[in-house]
Amino acid sequence: MILDPRQHPFRADVAADHLKGQVTAERFAKGKVMQVSQPVLDVFGSAMRGAGLTTQLLMGETFVVYDTDADGTLAWGQADRDGYVGYVSIAGLDIEPVTPTHRVTALSSHLYPEPNFKTRPMDHLSMMSLITVSEVTGQFARLATGGFVPLQHLSGLADFASDPVAVASRFEGVPYLWGGRSALGLDCSGLMQMAFAACGIDLPRDSDQQEACGVEVAGVDDLKAGDLVFWKGHVGIMRDANTLLHANSGYMTVCFEPLGTAVKRIADAGDGQITSMRRIAL
C-alpha cells in the first residue's frame, strides 16, 4: 500500500515511530506534541525558502514535531486535527500544551490587553481557534496565555452549530487564499473543513480527500442544501438545489454562484466537469 505523504509523516531521513515496518527511513522519531501559540500558523510543503502554503493551523491546535532544521527555526511534523504533514515556524509553537476550554465562534475576534473594547487590540483570533479561559471578567474571558476575548465570541467545546451551509455563508466575501484556513483567507477545501468542523464533523484537508467522504448523490436534480459538489481540485457546498457557495480563484473570494453558471465557467477555464456530488451525514 502506498502511503499518502500528506497524511503520513515520513521522509528518507526521518519518519514517525509508528510507521516502522511501513516505510524506510534513516531514523524514526517518537514525536513531541506542541501547541500553536499565534493566531494563524502557516504550514508549508517543504523547507525550501519560498515554499508554497499548503494549509494553516489555528491558535490552540496541536502539532506533533518529528524533526527540526539545523538552525532551529523550522519544525516538521503532523497536525493533530486533520493529520496534515508539513513544515511550520517553531516560533509559532509552545512546548507545553494547555488544555483548551472554549472555541472561537465569531468569524473573527480581537484579543485585547485589558477587558475593555476601547483598548488597542493585541491580535485577532479566527473562527475555530481553541483557547483556555482562566477566568471571566464582566463580558470578557481572560486567557491562560494572556489577553482578553469577548464572551459573545466564544462557546464551550461541546457546543456546535447545526448547519454547515449557515457557517460557510458567514465567510462570504473573505478573500480566496490557496492553503488558507482562516477568516483572513481560505481555499475551497478549507472552507468546507471549517464549516463542517463548526458542526462537529471532521473532514480531511484537501478536496480529493473530502471527495471520499459521505455518500454519493445520484444526480444534479437530487442536490439539496448542504451537499458537496466536486471538480478535479475543487469543491463547493450547495446553499439550495441551484446555488453553490465556494471559495474560488475565478472571483478570488468566497461567493454564491448559480450551479449552472459555475459548471460552465469552470469548464470554459479548462478545469473539467463535475466529478462527483456527496452528502455528509450531520
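A donor-acceptor pair under 3.5 Å is formed between the side chain of Gln209 and the backbone N or O of Asp206. Of the possible donor and acceptor atoms, one in the side chain of Gln78 sits under 3.5 Å from a partner among the backbone N and O of Gly83. One N or O on the side chain of Gln38 and one on the backbone of Val40 form a donor-acceptor pair closer than 3.5 Å. Between the side chain of Asp69 and the main chain of Leu74, a donor-acceptor pair closer than 3.5 Å is present. Counting only distance, with no hydrogens or angles, the side chain of Asp123 and the backbone of Leu111 share no donor-acceptor pair below 3.5 Å. Gln193 places a side-chain N or O within 3.5 Å of a backbone atom of Leu203 that can act as its donor or acceptor partner. No donor-acceptor pair closer than 3.5 Å links the side chain of Arg103 to the backbone N or O of Leu154. Judged by distance alone, the side chain of Thr101 and the main-chain N or O of Val133 form a donor-acceptor pair under 3.5 Å. Within the 3.5 Å criterion, the main-chain N or O of Arg142 finds a donor-acceptor partner in the side chain of Ser134. Between the side chain of Thr105 and the main chain of His153, a donor-acceptor pair closer than 3.5 Å is present.
Note on Asp17 versus Arg27: no salt bridge recorded, every NZ/NE/NH1/NH2 to OD/OE distance being 4.0 Å or above. A salt bridge links Arg81 and Asp202; the closest N-O separation between the charged side-chain nitrogens and carboxylate oxygens is under 4.0 Å.
Note that the CG atom of Leu191 and the CZ atom of Arg170 stand 12.0 Å from one another [nearest 0.5 Å]. In this structure, Glu26 CD and Phe28 CZ are separated by 10.5 Å, a value rounded to the nearest 0.5 Å.
If you check the side chains of Gln35 and Asp94, you find no donor sitting under 3.5 Å from an acceptor. Of the N and O atoms on the side chains of Thr275 and Glu211, at least one donor lies less than 3.5 Å from an acceptor on the other residue. Using modelled atom types, one finds a donor on one side chain and an acceptor on the other under 3.5 Å when comparing Asp240 with Thr243.
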Chi angles and distances behind the salt bridge (Lys or Arg N to Asp or Glu O under 4.0 Å) call for Arg279, Asp227: CA-CA 5 Å; Arg279 184 167 295 157; Asp227 289 343; 2.8 Å; yes
Derivation and outcome, side-chain contact (heavy atoms from CB on, under 4.5 Å), residues Cys255 and Asn248: CA-CA 8 Å; Cys255 65; Asn248 65 93; 3.4 Å; yes
Salt bridge (Lys or Arg N to Asp or Glu O under 4.0 Å) assessment of Arg265 paired with Glu257: CA-CA 10 Å; Arg265 181 179 58 77; Glu257 187 175 15; 2.9 Å; yes
Chi angles and distances behind the salt bridge (Lys or Arg N to Asp or Glu O under 4.0 Å) call for Lys32, Asp67: CA-CA 9 Å; Lys32 180 174 182 58; Asp67 191 37; over 6 Å; no
Test log, rule side-chain contact (heavy atoms from CB on, under 4.5 Å), inputs Met128 and Arg181: CA-CA 10 Å; Met128 298 305 294; Arg181 197 171 152 261; 5.9 Å; no
Candidate pair Phe63 and Leu93, rule side-chain contact (heavy atoms from CB on, under 4.5 Å), full reasoning: CA-CA 8 Å; Phe63 186 77; Leu93 298 174; 4.1 Å; yes
Verdict with reasoning, Phe230 to Ile274, per side-chain contact (heavy atoms from CB on, under 4.5 Å): CA-CA 6 Å; Phe230 292 90; Ile274 292 173; 5.9 Å; no
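With contacts defined as side-chain heavy-atom distances shorter than 4.5 Å, the pair Leu41/Glu61 does not qualify. Val149 places a side-chain heavy atom less than 4.5 Å from the side chain of Ser109. By the 4.5 Å heavy-atom criterion applied to side chains, His18 and Pro9 are counted as neighbours. In this structure, Leu130 and Leu58 have side chains that are not in contact, with every pair of non-hydrogen atoms separated by 4.5 Å or more. Using a 4.5 Å heavy-atom cutoff, the side chains of Val235 and His246 are not in contact. Under the 4.5 Å side-chain criterion, counting only non-hydrogen atoms from C-beta, Val85 is not in contact with Arg6. Within the 4.5 Å cutoff, no side-chain heavy atoms of Asp42 are placed close to those of Ser89. Proximity of Leu53 to Leu177: side-chain heavy atoms (C-beta onward) are separated by under 4.5 Å at one or more points.
Nearest heavy atoms, Met34 versus Ile95: CE-CA, 3.6 Å. Heavy-atom minimum distance, Ala183 versus Ser108: CB-CB, 4.1 Å. Contact record, Val263 with Trp231: CG2-CZ2, 3.9 Å, taken as the closest heavy-atom pair. Contact detail for Val254 and Ala247: the closest heavy-atom pair is CG2-CB, 3.7 Å. Here the closest non-hydrogen pair linking Thr55 and Tyr84 is CG2-CD2, 3.7 Å. Scanning all heavy atoms of the two residues, the minimum distance from Ser207 to Ser189 falls at N-CB, 3.6 Å.
Criterion: ILVMFWY side-chain heavy atoms under 4.5 Å apart, direct or through other members. Under it, Ile201 and Leu186 are part of a common hydrophobic cluster. Using a 4.5 Å cut-off between side-chain heavy atoms of Ile, Leu, Val, Met, Phe, Trp and Tyr, with links allowed through other members, Phe171 and Met192 fall into the same hydrophobic cluster. Put simply, Ile237 and Leu244 are part of two different groups of oily side chains (I, L, V, M, F, W, Y) that touch within less than 4.5 Å, one to the next. Hydrophobic clustering (ILVMFWY, side-chain heavy atoms < 4.5 Å, transitive): Tyr87 and Val33 are in one cluster. Residues Val217 and Leu259 are members of one and the same hydrophobic cluster, defined by side-chain heavy-atom contacts under 4.5 angstrom among Ile, Leu, Val, Met, Phe, Trp and Tyr.
Around CD of Gln273, the count of heavy atoms belonging to other residues, nucleotides or ligands within 6.0 Å does not exceed 12. Counting non-hydrogen atoms of other residues, nucleotides and ligands closer than 6.0 Å to CG of Asp221 gives a total of 12 or fewer.
Relative to the ring axis of Phe256, Arg239 places its NZ or CZ within 45° and under 6.0 Å from the centre.
Taking the six-membered ring for Trp and thresholds of 30 and 60 degrees, Phe148 and Phe140 have ring planes more than 60 degrees apart, a perpendicular arrangement. Ring orientation note: the planes of Tyr112 and His110 are nearly perpendicular, at an angle over 60° on the 30°/60° scale.
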